[in-house]
Amino acid sequence: MLLIGSGGTIASTRDGGSASVATVTAEDLMARIPPVAGARITRVNEWARINSWALVQDDMFALARVIRDEAVRADVDGIVVTHGTDTIERSAFLADLLYAGSKPIVFVGAMRPADDATPDGPGNLARALEAIGSGVLDGAGVTVLVGADAHAARWATKIDSRAEQAVASPGVGPLAVRDAASWRRVGPEIRRFTVAPPDAVDAGDAPPLPIVPIVVSQPAPLAGMLPWAISAGDGRAVVVEALGAGNLAPALAREIEAAVAAGVLVAITTCTLTSGVHPSYRGDGGNAELVDAGAIGA
């Protein structure tokens with residue numbers, strides 16, 4: 001099994017006070033994992049040692065590319081990726097979108113640094129190895145483990161900034177859980193889908209990726225906010241995080257209609273944690289009106 005190190009709290013030590021910074025190597029992390037029957041790390045890839053809030057989109061593409069390249073090796077039957085929890089769901093989801101294989105890939109984070117009196121990283125790594133060794137994650141693509149359970153990358157999100165069980169899948173629940181004796185699959189079957197990355201990105205020599213801004217809807221949106229956001233990107237697309245089923249203030253709806261008419265791709269999503277957008281409301285700013293105008297529900 002392969003361990004890819006990228007940093008994060010799981011690989012951090014305190015700087016003399018209460019703050020911590022990524023300092024621990026992947027080799028050292030491997031040495032701290034409690035013994036796991038039938039599963040062990042045989043090789044380490046020290047990809048990076050970064051606090052995950054500092055990762056940018058290009059870094060996440062690069063990590064996803066490393067995962068895909070390593071996963072095709074005959075001597076790799078599974079991959080564990082150590083990662084900071086601030087952006088673990090983003091890196092994991094991107095990796096899942098770009099990985100079509102069946103070998104299990106588990107992103108593992110921790111909420112207490114490696115030099116804590118009771119660090120949670122080694123136990124989380126041991127649980128990831130157990131889950132991979134049990135076969136419960138075979139064919140599931142990329143999963144995230146921070147705490148007791150494994151979550152599908154497409155649903156995992158960080159829900160707490162301090163709690164040990166920091167990641168959950170609201171409205172869906174974990175993909176796999178560990179009982180007293182073994183791991184078992186409890187989540188729904190995953191309809192996996194993958195996308196082909198831009199050629200330049202896949203080659204590793206990409207120019208800056210297109211910037212797609214996200215605009216958060218408010219009851220009193222700032223006039224001109226949407227066109228300003230579009231101009232701050234590359235002018236081709238924008239995501240609007242709307243309210244409820246995808247509804248928003250009429251003033252913002254007018255700007256969305258104008259943007260769509262000008263050829264901008266506008267995707268409407270929702271600030272709610274579960275379900276999604278659906279055109280169930282008409283009236284000024286209702287999602288049905290936005291869809292009729294050419295916006296895309298996401």
Which pairs of donor and acceptor atoms, one on a side chain in residues 226-243, lie under 3.5 Å apart (sequence neighbours left out)?
{"unit_1": "Ser231", "atom_1": "OG", "unit_2": "Pro227", "atom_2": "O", "d": "3.3"}
{"unit_1": "Ser231", "atom_1": "OG", "unit_2": "Trp228", "atom_2": "O", "d": "2.7"}
{"unit_1": "Asp234", "atom_1": "OD1", "unit_2": "Arg236", "atom_2": "N", "d": "3.1"}
{"unit_1": "Asp234", "atom_1": "OD2", "unit_2": "Arg236", "atom_2": "NE", "d": "2.8"}
{"unit_1": "Asp234", "atom_1": "OD2", "unit_2": "Arg236", "atom_2": "NH2", "d": "2.8"}

Any idea which heavy atoms bring Trp183 and Ala148 closest together, and the distance?
CH2-O, 3.5 Å
Do side-chain atoms of Arg185 reach the backbone of Val136 as a donor and acceptor pair under 3.5 angstrom?
yes
Using side-chain heavy atoms (C-beta onward) and a distance below 4.5 Å, is Ser6 in contact with Ile50?
no
For Gly224, does its backbone N or O pair with a side-chain atom of Glu255 as donor and acceptor, under 3.5 Å?
yes
Do you see a donor-acceptor pair shorter than 3.5 Å between the side chains of Asp160 and Gln165?
no
From CA spacing to verdict: side-chain contact (heavy atoms from CB on, under 4.5 Å), Lys158, Ile88
CA-CA 8 Å; Lys158 186 174 181 179; Ile88 195 169; 5.7 Å; no
Side-chain atoms of residues 210-218: list all donor-acceptor pairs with protein atoms under 3.5 Å, sequence neighbours left out, distances to 0.1 Å.
none

If you count every heavy atom of other residues, nucleotides or ligands that lies below 6.0 Å from Arg43 atom CZ, does the total exceed 12?
yes
For Val106, the option from Ile79, Val81, Leu137 that meets side-chain contact (heavy atoms from CB on, under 4.5 Å):
Leu137
All salt bridge (Lys or Arg N to Asp or Glu O under 4.0 Å) counterparts of Arg254, not counting sequence neighbours
Glu257, Asp284
Just distance, no hydrogens or angles: give the donor-acceptor pairs under 3.5 Å from side chains in residues 291-298, sequence neighbours left out.
{"unit_1": "Asp292", "atom_1": "OD2", "unit_2": "Arg282", "atom_2": "NH1", "d": "2.7"}
{"unit_1": "Asp292", "atom_1": "OD2", "unit_2": "Arg282", "atom_2": "NH2", "d": "3.2"}

Tabulate below the donor-acceptor pairs under 3.5 Å that side-chain atoms of residues 91-99 make, not counting sequence neighbours, or state none.
{"unit_1": "Ser91", "atom_1": "OG", "unit_2": "His83", "atom_2": "NE2", "d": "2.9"}
{"unit_1": "Asp96", "atom_1": "OD1", "unit_2": "Val142", "atom_2": "N", "d": "3.0"}
{"unit_1": "Tyr99", "atom_1": "OH", "unit_2": "Lys103", "atom_2": "N", "d": "2.9"}
{"unit_1": "Tyr99", "atom_1": "OH", "unit_2": "Lys103", "atom_2": "O", "d": "2.9"}

Side-chain (Asn247) to main-chain (Gly286) donor-acceptor, under 3.5 angstrom
no
Derivation and outcome, side-chain contact (heavy atoms from CB on, under 4.5 Å), residues Leu63 and Phe107:
CA-CA 11 Å; Leu63 177 57; Phe107 276 65; 4.0 Å; yes
Got a donor-acceptor contact below 3.5 angstrom from the Thr87 side chain to the Ser52 backbone?
yes
Which atom pairs, one a donor and one an acceptor, fall under 3.5 Å between side chains of residues 108-126 and the rest of the protein, sequence neighbours left out?
{"unit_1": "Arg112", "atom_1": "NE", "unit_2": "Thr118", "atom_2": "O", "d": "2.6"}
{"unit_1": "Arg112", "atom_1": "NH1", "unit_2": "Glu164", "atom_2": "OE1", "d": "3.0"}
{"unit_1": "Arg112", "atom_1": "NH2", "unit_2": "Thr118", "atom_2": "O", "d": "2.8"}
{"unit_1": "Asp115", "atom_1": "OD1", "unit_2": "Arg14", "atom_2": "N", "d": "3.4"}
{"unit_1": "Asp115", "atom_1": "OD2", "unit_2": "Arg14", "atom_2": "N", "d": "2.9"}
{"unit_1": "Asp116", "atom_1": "OD1", "unit_2": "Arg14", "atom_2": "NH2", "d": "3.0"}
{"unit_1": "Asp116", "atom_1": "OD2", "unit_2": "Thr118", "atom_2": "N", "d": "2.8"}
{"unit_1": "Asp116", "atom_1": "OD2", "unit_2": "Thr118", "atom_2": "OG1", "d": "3.3"}
{"unit_1": "Asp120", "atom_1": "OD1", "unit_2": "Met111", "atom_2": "N", "d": "3.4"}
{"unit_1": "Asp120", "atom_1": "OD1", "unit_2": "Arg112", "atom_2": "N", "d": "2.9"}
{"unit_1": "Asp120", "atom_1": "OD2", "unit_2": "Met111", "atom_2": "N", "d": "2.8"}
{"unit_1": "Asn124", "atom_1": "OD1", "unit_2": "Arg127", "atom_2": "NH2", "d": "2.6"}
{"unit_1": "Asn124", "atom_1": "OD1", "unit_2": "Gly147", "atom_2": "N", "d": "3.4"}
{"unit_1": "Asn124", "atom_1": "ND2", "unit_2": "Gly109", "atom_2": "O", "d": "2.8"}
{"unit_1": "Asn124", "atom_1": "ND2", "unit_2": "Asp120", "atom_2": "O", "d": "3.4"}

Picking from Thr143, Thr157, Val167, Leu175, what satisfies side-chain contact (heavy atoms from CB on, under 4.5 Å) with His151?
Val167
